[in-house]
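All remarks here apply to the structure that follows.
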Amino acid sequence: MPRKDSSERVPKDAPLSIVILAAGRGTRMQSDLPKVMQPLAGAPLLSYVLELAAQLEPAMTYVVYGDGAERMREHFANAPVHWALQAEQLGTGHALLQAMPAVPDNHRVLVLYGDVPLLRIESLRELIAVAGGRNLALLSAAPADTTGYGRIVRGARGALLRIVEERDATARERSIREVNSGVLLAPAGLMRKWLGQLRPRNAQREYYLTDVVALALRARTRVVAVMADDAAEVQGVNDRLQLAEAEAEYRRRRARALMSQGVTLIDPARLDVRGEVTVGRDVLLDVNVVLHGPVHLADRVRIGPNCVLANASVGPGTVLYANCVVQNAQIGGGCEIGPFTRLRPHARLADGVHLGNFVEVKNSVIGERSKVNHLSYVGDSEIGSRVNVGAGTITCNYDGANKWRTEIGSGAFIGSGCMLVAPVKVGDGATIGAGSTITSDAPAGKLTLARSRQVTIEQWERPIKRPPKP
């Protein structure tokens, strides 16, 4: 019997190095993007794994990338990681070998995968706890569909005997429900030794990381399998179908998290959360709402159906009616927005503002209790409090080369169908008559009109369309 080797054991609190294997080409994606750059809820798959790794506060994180994946390095140029190139795709064991020269022997090494984005931090912490500094620990699961996974083979008393890849498994082994996620943790010195002993004795002629388990058992190292509570955690993403399934699971998680915070979701299956979202009490989200974080929804906010909010904050008691789009904007409390309102970047609404049907606001400030209720465009403007902007009003902010600002004082009344040609100022309490085109400043407290004289042409006849000649 082989002698138990303890020379590479490390303390259970030894520094942690994390290696993320991300070199797969993802040919089944039929895409020019590297597989780990495919978007899940608006962010690359790899970003979720990097965020998870960061929560473990490792001494260092390494990412193994493949030839031709330079855009991945460019995207994550500011991430605190070291990069290791796997120029040839010779299997997962070979991939890990590319990072191991930089991992000290007195560390523990945790192996993650750039295309497994749904792992929970709780599962990894349990894995780290059972591994200590002596054991090899791996994460297993029992998914409904075991296709593509290596099977965990146990003995009569439940001891783990080996892992067999599906392509190399017998029919009996393929019937096993417990599968290997590929996520594992071991002392770095032992891992280095085992990797050096790998041989490509399999159908693919590749160096399988799973073969490390057999080497560990042969060296009488204890191997512990930690079963994930939710099989969706270990779901890999190799094609568009699996990407859609991961997206659906991500949506379910985010919906459950919001409901646990007291948010009412009219239909949890029809909500998309992409990024950080914070909420107050008694928030209600109707169907088909999309939230691109960061988004903050204060107490009693109600978001109607088919609304999209991106990088936005909404104050307490505000209602967004159906089909509104809010991007890089701030909305105060007690506002009524929509339906069919669009707030573009740098729109800021004070408390009590009303914006109605087909109103667009861009790079503008609208003061307390002001109203822009119908078919209007407000761009590059500053509007005071208690202003009424009539239907069909446009702030003409662009001259073809430069943007100019419009200022409307508090208490002003802008009639319907007005053109305010910037740069222009409308004084406090001023009234602009309907249908006016204002090109000069309008004084406070006065009625200003700018209309051409109405003329009727008595002898005019409407043109008649002549039938074609035969």
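Count residues from 1 along the sequence. For the numbers below, each heavy atom of this structure counts, side chains included, while hydrogens, waters and symmetry mates do not.
The shortest distance between side-chain heavy atoms of Y65 and Q98 does not fall below 4.5 Å. In this structure, V36 and V237 have side chains that are not in contact, with every pair of non-hydrogen atoms separated by 4.5 Å or more. Contact annotation: the side chain of P423 never approaches that of R405 to less than 4.5 Å [non-hydrogen atoms, C-beta and beyond]. Between D115 and Q242, the closest side-chain pair of non-hydrogen atoms is not below 4.5 Å. Looking at heavy atoms from C-beta onward, L258 lies in side-chain contact with V279 at the 4.5 angstrom threshold. V319 places a side-chain heavy atom less than 4.5 Å from the side chain of Y321. Using a 4.5 Å cut-off on side-chain heavy atoms (C-beta onward), T92 and V111 make no contact. Using a 4.5 Å heavy-atom threshold, the side chains of V326 and C307 count as separate.
Heavy atoms from other residues, nucleotides or ligands lying under 6.0 Å from CZ of R177 number more than 12. In the displayed structure, W83 atom CH2 is contacted under 6.0 Å by more than 12 heavy atoms of other residues, nucleotides or ligands. Counting non-hydrogen atoms of neighbouring residues, nucleotides and ligands closer than 6.0 angstrom, the OH atom of Y377 exceeds 12 such neighbours. Counting non-hydrogen atoms of other residues, nucleotides and ligands closer than 6.0 Å to CD of E166 gives a total above 12. Dense packing is recorded around CZ of R251, with more than 12 heavy atoms of other residues, nucleotides or ligands lying under 6.0 Å away. With a 6.0 Å radius and a threshold of 12 heavy atoms from other residues, nucleotides or ligands, K362 has its NZ atom above the threshold. For R174, the CZ atom counts as densely surrounded, since its 6.0 Å shell holds more than 12 non-hydrogen atoms of other residues, nucleotides or ligands. Within a 6.0 Å radius of NE2 in H346, other residues, nucleotides and ligands contribute 12 heavy atoms or fewer.
Look at R125 and E57 and you find no salt bridge, because none of the NZ, NE, NH1 or NH2 atoms lies under 4.0 Å from a carboxylate O.
For the atom pair I408 CD1 and I414 CD1, the distance stands at 4.5 Å (nearest 0.5 Å). Note that CD of E247 is 11.0 Å distant from CZ of R252, once rounded to the nearest 0.5 Å. Rounding to the nearest 0.5 Å gives a distance of 9.5 Å between CD of Q235 and CG of D230. In this structure, CG in L124 is found 7.0 Å from CG in L139, a value given to the nearest 0.5 Å. The line from OG of S17 to CG of L110 is 10.0 Å long, rounded to the nearest 0.5 Å. Taking CG from L375 and CG from N357, the interatomic distance works out to 7.0 Å, rounded to the nearest 0.5 Å.
With respect to V424, the side-chain contact (heavy atoms from CB on, under 4.5 Å) criterion is satisfied by exactly one of T406, T395, T439: T406.
At least one donor-acceptor pair closer than 3.5 Å links the side chain of T318 to the backbone N or O of C335. Side-chain N or O atoms of Y250 include none that pairs as donor or acceptor with a backbone N or O of P117 at under 3.5 Å. Side-chain atoms of Y149 never come within 3.5 Å of backbone atoms of P143 as a donor-acceptor pair (strictly under, hydrogens ignored). Of the possible donor and acceptor atoms, one in the side chain of D428 sits under 3.5 Å from a partner among the backbone N and O of S410.
Under 3.5 Å, the side chains of Q86 and H94 contain a donor-acceptor pair of N or O atoms. Checking T393 against S376 by side-chain atom types alone, no donor-acceptor pair falls below 3.5 Å. Looking at D145 and T147, their side chains do bring a donor and an acceptor atom within 3.5 Å of each other.
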**Asked** Stepwise, does the side chain to side chain donor-acceptor pair (under 3.5 Å) test hold for Q38 with R240?
**Response** CA-CA 9 Å; Q38 297 294 330; R240 299 293 181 181; 3.0 Å; yes

